[in-house]
Peer 1: 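Would you mind keeping the following structure in view while I ask a few things?
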Amino acid sequence: MHAHPNRFHRRNVESITAEEIEVYRRSTMDLVVANISSDMAYDGGYVNRDGTEVERGEYKPAPGATYALSADRLARIQKTFDLGYAVHADKPIDVLEARANDQVAVMPALEGADALEGDIKNLHEMHKNGLRLIQLIHFRNNELGHTQTWPYSPGGLTEFGREVVQEANRLGIVIDMAHANEETVADILELSRHPVIFSHGGVREFTDHDRAVTDDQIRAIAEGGGIVGIWPHGSHISTVAEMVDYIEHVIKIGGVDHVGIGSDLRGVSKYVIGFDEQANFHAIAIELLNRGYSDEDVGKVMGGNFFRVWVTVSET
Ligand SMILES: [Zn+2]
């Protein structure tokens with residue numbers, strides 16, 4: 001439900017590479033959500049097309065620059081399809097067709113809707129250019145709402161945030177609440193007429209990390225038909241078995257239809273042992289099978305639930 005294949009959005013690569021897509025194909029993943037961190041223009045850490053490196057720092061991007069940077073990265077995802085390395089996950093059926101042809105489907109996504117720069121026309125333009133999932137908030141309080149990351153400030157969805165939720169519902173774009181603070185999550189859940197996901201995080205039961213969800217949030221997300229995605233971040237969880245404890249906690253509170261995996265592949269520097277940089281999704285499935293879950297339930301966790309949400313969202 002959440003990855004940065006190839007770290008393509010920060011590096012100066014023409015497209016996501018064929019080798020990187022192969023990592024997913026080998027792990028029998030049918031669909032990869034490729035995220036552009038659209039707040040990059042505010043904090044650097046990326047390379048421009050002319051090869052100039054933008055160091056980490058604090059920036060005040062000129063009007064239009066944040067959108068332009070993400071639009072450029074979106075074009076690079078499109079290039080991945082033009083080169084035949086992967087198939088655009090435009091509609092759910094495309095994933096099934098790609099799978100039948102032994103190909104991987106890629107869903108273009110924004111991590112943080114900062115790229116919209118507060119203008120709904122930018123959402124329309126990006127949707128036209130292939131965007132199918134939008135995580136509203138990343139590391140800063142943006143035009144839409146408030147982050148869960150320090151320095152904290154109170155507040156939920158803004159007027160523009162509300163407009164984006166309603167428009168995403170209308171267009172059939174999946175909404176992702178990861179990184180949003182509790183008030184913003186509550187506002188999204190109340191407003192969205194479709195299920196919403198929380199793509200990558202932990203659970204408060206086992207960690208007090210600010211990116212973890214409370215049991216009440218798990219219940220609310222599940223009641224709306226959505227999903228909590230568990231994040232195999234090696235600094236928070238050490239082994240695949242421990243990761244599956246997290247998955248089981250969400251199953252206990254919200255049910256097996258409301259959990260998934262947000263690998264964040266290439267987004268963090270360290271993964272749980274046994275999953276690793278090679279994205280060993282099989283290890284998670286095997287651990288679930290060893291704990292007695294049925295093939296059907298394991299399929300739901302490994303991606304079936306997310307696919308169901310997308311089908312629901314796209315049938316607007
Ligand atoms: Zn993230």
Side-chain angles (χ1 to χ4, degrees), residues 1-11 16 24 29 31-46 56 66 69-70 73-74 77 106-116 131-142 144-152 161 164 168 173-182 184-185 188 196-204 207-214 217-218 221 226-237 243 246-247 250 259-272 275 277 279 281 306:
M1 293 196 289
H2 184 88
H4 302 280
N6 232 208
R7 226 175 151 67
F8 78 96
H9 62 305
R10 295 195 180 272
R11 300 165 57 214
I16 299 168
Y24 290 93
M29 295 308 282
L31 174 61
V32 182
V33 181
N35 277 266
I36 302 160
S37 300
S38 94
D39 53 347
M40 286 187 299
Y42 288 87
D43 64 1
Y46 63 91
R56 290 268 179 190
T66 310
L69 179 59
S70 292
R73 267 39 187 187
L74 191 54
I77 304 182
V106 172
M107 178 186 269
L110 287 185
E111 174 160 42
D114 307 66
L116 304 184
L131 187 78
R132 292 294 175 269
L133 182 145
I134 190 165
Q135 180 185 306
L136 304 187
I137 313 293
H138 196 205
F139 284 128
R140 53 185 285 277
N141 294 330
N142 62 15
L144 292 83
H146 293 74
T147 181
Q148 184 73 341
T149 297
W150 189 88
Y152 311 110
V164 171
I173 298 174
V174 179
I175 295 169
D176 185 352
M177 306 186 290
H179 288 268
N181 72 352
E182 284 189 36
T184 303
V185 165
I188 298 168
V196 283
I197 68 165
F198 190 102
S199 66
H200 59 299
V203 296
R204 287 291 166 111
T207 173
D208 63 3
H209 188 262
D210 57 13
R211 297 280 320 290
V213 290
T214 64
Q217 285 183 306
I218 296 171
I221 292 167
I227 304 172
V228 173
I230 299 301
W231 190 31
H233 194 316
S235 302
H236 304 298
I237 302 180
M243 183 181 172
Y246 278 55
I247 291 172
V250 179
V259 65
I261 316 281
S263 75
D264 212 356
L265 199 69
R266 315 300 176 221
V268 298
S269 53
K270 190 175 155 204
Y271 296 90
V272 304
F275 181 79
E277 269 69 37
F281 288 96
F306 178 63

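Atoms within a ligand are numbered from 1 in the order they appear, just like the ligands themselves. Computation of the quantities below employed the complete heavy-atom set of this structure, encompassing side-chain atoms and omitting hydrogens, waters and symmetry-equivalent molecules.
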Peer 1: Atom CG of L144 and atom CG of D114: how far apart are they, to the nearest 0.5 Å?
Peer 2: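 Nearest 0.5 Å value for the CG-CG distance: 8.0 Å.
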
Peer 1: Quick one: pull up CG in N141 and CD in Q148 and give me the separation to the nearest 0.5 Å.
Peer 2: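 So the gap between those two atoms works out to 11.0 Å.
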
Peer 1: With the Zn ion (ligand 1) as the centre, enumerate protein N/O/S atoms below 2.8 Å in chain and residue order.
Peer 2: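 Near the Zn ion (ligand 1), the protein supplies E111 OE2, H179 NE2, H200 NE2.
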
Peer 1: Supply the atom-to-atom distance T214 OG1 to E182 CD, rounded to the nearest 0.5 angstrom.
Peer 2: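 With rounding to 0.5 Å, OG1 (T214) is 5.0 Å from CD (E182).
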
Peer 1: Can a donor-acceptor pair be found between the side chains of Y42 and N142 at a distance below 3.5 Å?
Peer 2: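 Per modelled atom types, Y42 and N142 side chains form no pair under 3.5 Å.
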
Peer 1: Do you see a donor-acceptor pair shorter than 3.5 Å between the side chains of H9 and E111?
Peer 2: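 No, E111 and H9 have no side-chain donor paired with an acceptor closer than 3.5 Å.
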
Peer 1: Mind checking what makes salt bridge (charged side-chain N to carboxylate O under 4.0 Å, His left out) contact with D264, not counting sequence neighbours?
Peer 2: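 None.
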
